[in-house]
Colleague: 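Supplied in structure tokens, the structure appears directly below.
Naming convention: chains lettered A, B, ... in sequence-line order (proteins, then strands); numbering from 1 in each chain.
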Protein chains: 2
Amino acid sequence: MSRPTTKDLAKVAGVSLATVDRVLNERPGVRQTTVERVNEAIKAIDFVRDISAANLARSKEYKLVFLLPDHDDEFIDLILEAIAEANRSLTHERTIVTIIRAPANDPRRLVEEIDKLSATEVDGVAVMTPETPQVRDAISRMDARGIAVVALVSNQPNAESAYFVGINNEAAGRTVGQLMARFTGEKHGSVLVLTETMQSRDSQERRLGFDVIMAKYAQRLKVCPSMETYGDSVRTAQIVRSALQSRPSIVGIYLMNHDIYEAMQAIEALSPLQNVVIIGHELTAHTCARLIDGTLDAVISQDVGHLVRSSIRVLKAKITSIGTVASQERIRIEITLRENMPEERQTVGR
Amino acid sequence: MSRPTTKDLAKVAGVSLATVDRVLNERPGVRQTTVERVNEAIKAIDFVRDISAANLARSKEYKLVFLLPDHDDEFIDLILEAIAEANRSLTHERTIVTIIRAPANDPRRLVEEIDKLSATEVDGVAVMTPETPQVRDAISRMDARGIAVVALVSNQPNAESAYFVGINNEAAGRTVGQLMARFTGEKHGSVLVLTETMQSRDSQERRLGFDVIMAKYAQRLKVCPSMETYGDSVRTAQIVRSALQSRPSIVGIYLMNHDIYEAMQAIEALSPLQNVVIIGHELTAHTCARLIDGTLDAVISQDVGHLVRSSIRVLKAKITSIGTVASQERIRIEITLRENMPEERQTVGR
DNA sequence: CTTTAAATGATGTACGTACCTCATGTCAAG
DNA sequence: CTTGACATGAGGTACGTACATCATTTAAAG
């Protein structure tokens, strides 16, 4: 037979529809013993509320917010695009996603934005921002206000209320290490590591994983200390130049951030890049182009569309206290070479 | 304002609700000019039918079928598991997935099973079977009967009605080629290619892609002709033994099928495998274990859960003639090393 | 102009749930 | 026994769509 309805539930529990409704929606005025009777009946007939009918009746809309850094780079652009796409297909599911931008490096303003969000206007929030104590506390306050929270891309390991949607950065670093070890063959020499800043937990974790594998499988290679670019193209050029000059035998470069435009420019301007293995992060128009032209050997990435859709699913699941399919929400650490690049990216120029 | 409803549509089109209903559900008795007027209004106010409300009203259930080969291997097991998981989470969405098994290599019985499916009992079918003319025709007949069809894992390029859910096998072969070329460093020697059969289009495509890249980037390596195992362990052992003996300098092995148990056994029994790069397909318990113990160097795979969920989404989209989000349905060619193996697989023993 | 068929409108019920109001029941304290 | 608080039942309306029936209008044919 078909799915049991509230009517069936009422019959089995031996109560009226009104009481079933009171129990299901946790309305007051039901004796504890009756509540239990209904709950037993729910288990007995395996009753599950029909969410679409419920949403229809409530004419409820899920109001979700993505809180993103306010600087613009290709990765953020990808996320914005993915959100726009999700929004298009989610109109059919009573879900509205809006975007709030806030300075990632100004905790005060960030916290201000978070505290502004009221449970009456917002049901769930996906937060993409570096971990700081202030942010952690602001997240806890949101949770207390009854707003669902997920941490996007950057984990918030100390905010238990925030489910993490993203990859394990230490494993990502290990993966890069393994690729670097194997792609460099038997060669000896040194490996550069460039990052925007080592302040961020993500960078630290990636570096950690990278070092573990390099130590294990590529002792022939000397891994240099991380060089920080601070996103400054002049500084980047300078750093790269002096590194390439002082170390003649560079065989590999790990670009730990997705915004690698300046670094690549500086590198290319300076040396013939034959036989230097370069590995970067995230599948942007720029990295794709570099994969195709062969400058970049591999890219480690996470599916941005998946990140966004998964965040939305998890938020909605939290809001309705429904379970999620764990395997569907797992974000994979993707390795992309020129050969397995998604076809729609292969034509995208820079 | 909120989503437009059929009422709004009726008002804008200047017709009654009944007529709107007739147009939306393609019922007879509406003049062509009126149909067009309503369709214009649909565009004008961007009306989209509320699918959950529609399903509720129809008390419709989507009845989907997965038609799978009737032999058992680890890959099929993964698919079965993914279907079971999908089924659990889809009860909430009025979708029931059932499974039919049929001998993949007996086109007659296969076609018989397909022809048995009636549009009254089934709304959509995902077919996983090698391409043959008989099957292609049977798929066309299903389409004519009004049953939605997708081709799963194995493409049916000559059956236009079947949307393909799976990876580009030629690109997968290229990817293996690139990894083989890079993982073997500067070494010279030969590369073995083992497959169950070269009859299947999938194997042919993979081989093609593999050869292209090997010719381009690894001319130092000699790629041997594909050796067919026919899934027979005795034969496999024999083939592998003679190959390893007659060719002293084997530096790489490409196991083109997911069922690599026999081949791995045979290989291991015969030679010290130091420095031989072995690359296989699909993330099964067995391949994961081999990745962990280091026998296998890389695995090319497709996310089975994604395959199944995507098939279901595409089928439902076809049934309701709603669009899909292209980027969500793209199945990636995944490269898995020990380092980026999904965490839940790392503890799975054999 | 009438006849007739086709096109359209008006209206009601249903799907499964939410939410509201009002009536009736029960039980313990006074 | 009465009072009152609380528990429960009965019934209705709504959400957006599907589908059926019957009444009415419109257009084409005679």
Colleague: Picking from C/dA7, C/dA18, D/dT8, which would you name as closest to the side chain of A/Arg49?
Modeller: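 When the side chain of A/Arg49 is considered, C/dA18 is the closest of C/dA7, C/dA18, D/dT8.
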Colleague: It should be established whether B/Arg3 places a side-chain nitrogen or oxygen under 4.0 Å from OP1 or OP2 of nucleotide D/dG16.
Modeller: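 The answer is no; no side-chain N or O of B/Arg3 sits under 4.0 Å from OP1 or OP2.
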Colleague: How long is the line joining CZ of B/Arg27 and C1' of D/dT17, in whole Å?
Modeller: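 Value for this atom pair: 10 Å.
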Colleague: Both B/Ala53 and B/Thr33 contact DNA chain C. Taking the nearest nucleotide for each, which residue is further toward the 5' end?
Modeller: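 The residue mapped nearer the 5' terminus is B/Thr33.
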Colleague: Are a donor atom and an acceptor atom from the side chains of B/Ser310 and B/Glu329 found within less than 3.5 Å of each other?
Modeller: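 On atom types as modelled, these side chains qualify, holding a pair under 3.5 Å.
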Colleague: Between A/Gly29 and A/Ala18, name the one whose nearest nucleotide on DNA chain D is closer to the 5' end.
Modeller: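 Closer to the 5' end of DNA chain D: A/Gly29.
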Colleague: Taking the side chain of B/Asn25 as its heavy atoms from C-beta onward, which of D/dC19, D/dG16, C/dG9 lies nearest to it?
Modeller: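 Among the listed nucleotides, the one closest to the side chain of B/Asn25 is D/dC19.
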Colleague: Please state how far atom CG in A/Asp50 lies from atom C1' in C/dC15, giving the value in whole angstrom units.
Modeller: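 About 9 Å, once rounded to whole Å.
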Colleague: Do B/Asn25 side-chain atoms and B/Arg22 backbone N/O form a donor-acceptor pair below 3.5 Å?
Modeller: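 Not a single qualifying donor-acceptor pair exists.
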Colleague: Can you tell me which nucleotide in D/dA7, D/dG16, C/dG9 comes closest to the side chain of A/Thr34?
Modeller: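 Out of D/dA7, D/dG16, C/dG9, the nucleotide with an atom closest to A/Thr34's side chain is D/dA7.
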Colleague: The side chain of B/Ser16 lies closest to which of these nucleotides: C/dA18, C/dG9, D/dA10?
Modeller: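 Closest of the options to the side chain of B/Ser16: C/dG9.
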Colleague: Using whole Å, what does the distance between atom P of nucleotide D/dC19 and atom CG of B/Asn55 come to?
Modeller: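 Rounding to the nearest Å, CG of B/Asn55 and P of D/dC19 are 11 Å apart.
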Colleague: Taking the minimum atom-to-atom distance to the side chain of B/Val30, which one of D/dT17, C/dT8, C/dG16 wins?
Modeller: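 Comparing D/dT17, C/dT8, C/dG16 against the side chain of B/Val30, the answer is C/dT8.
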Colleague: For the pair made of CG in B/Asp21 and P in C/dA14, what is the distance, rounded to whole Å?
Modeller: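 Rounding to the nearest Å, CG of B/Asp21 and P of C/dA14 are 17 Å apart.
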Colleague: Starting at CG of B/Leu17 and ending at P of C/dT13, how long is that distance when rounded to a whole Å?
Modeller: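 Checked: the CG to P distance equals 16 Å.
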Colleague: Rounded to whole angstroms, how far apart are CD1 on B/Ile51 and P on D/dA18?
Modeller: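 Whole-Å distance recorded here is 11 Å.
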Colleague: Check the distance between C/dT17's P and B/Leu56's CG and give it to me in whole angstrom.
Modeller: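 Roughly 9 Å, once rounded to whole Å.
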Colleague: Can you tell me which nucleotide in C/dT17, C/dC19, D/dA27 comes closest to the side chain of A/Arg58?
Modeller: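 Output: C/dC19.
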Colleague: Are A/Thr95 and A/Lys316 linked by a side-chain donor-acceptor pair shorter than 3.5 Å?
Modeller: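 There is such a pair between these side chains.
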Colleague: Would the base of C/dG9 count as contacting B/Arg22 through its side chain, where contact means a donor and an acceptor less than 3.5 Å apart?
Modeller: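 For B/Arg22, whose side chain was compared with the base of C/dG9, there is a donor-acceptor pair (under 3.5 Å).
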Colleague: Tell me which nucleotide among C/dG9, C/dC19, C/dG16 gets nearest to the side chain of B/Thr19.
Modeller: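 The answer is C/dG9, which lies nearest to the side chain.
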Colleague: Would you kindly say whether B/Ser52 and B/Asp50 are connected by a side-chain donor-acceptor distance under 3.5 Å?
Modeller: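 Their side chains do contain a donor-acceptor pair, which is all the 3.5 Å distance test asks for.
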Colleague: For atom CD of B/Glu36, is the number of surrounding heavy atoms from other residues, nucleotides or ligands below 6.0 Å larger than 12?
Modeller: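 It does: B/Glu36 CD has more than 12 such atoms within range.
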Colleague: Calculate the interatomic distance between A/Lys7 atom NZ and D/dA10 atom C1'; express it in whole Å.
Modeller: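 Distance, rounded to whole Å: 13 Å.
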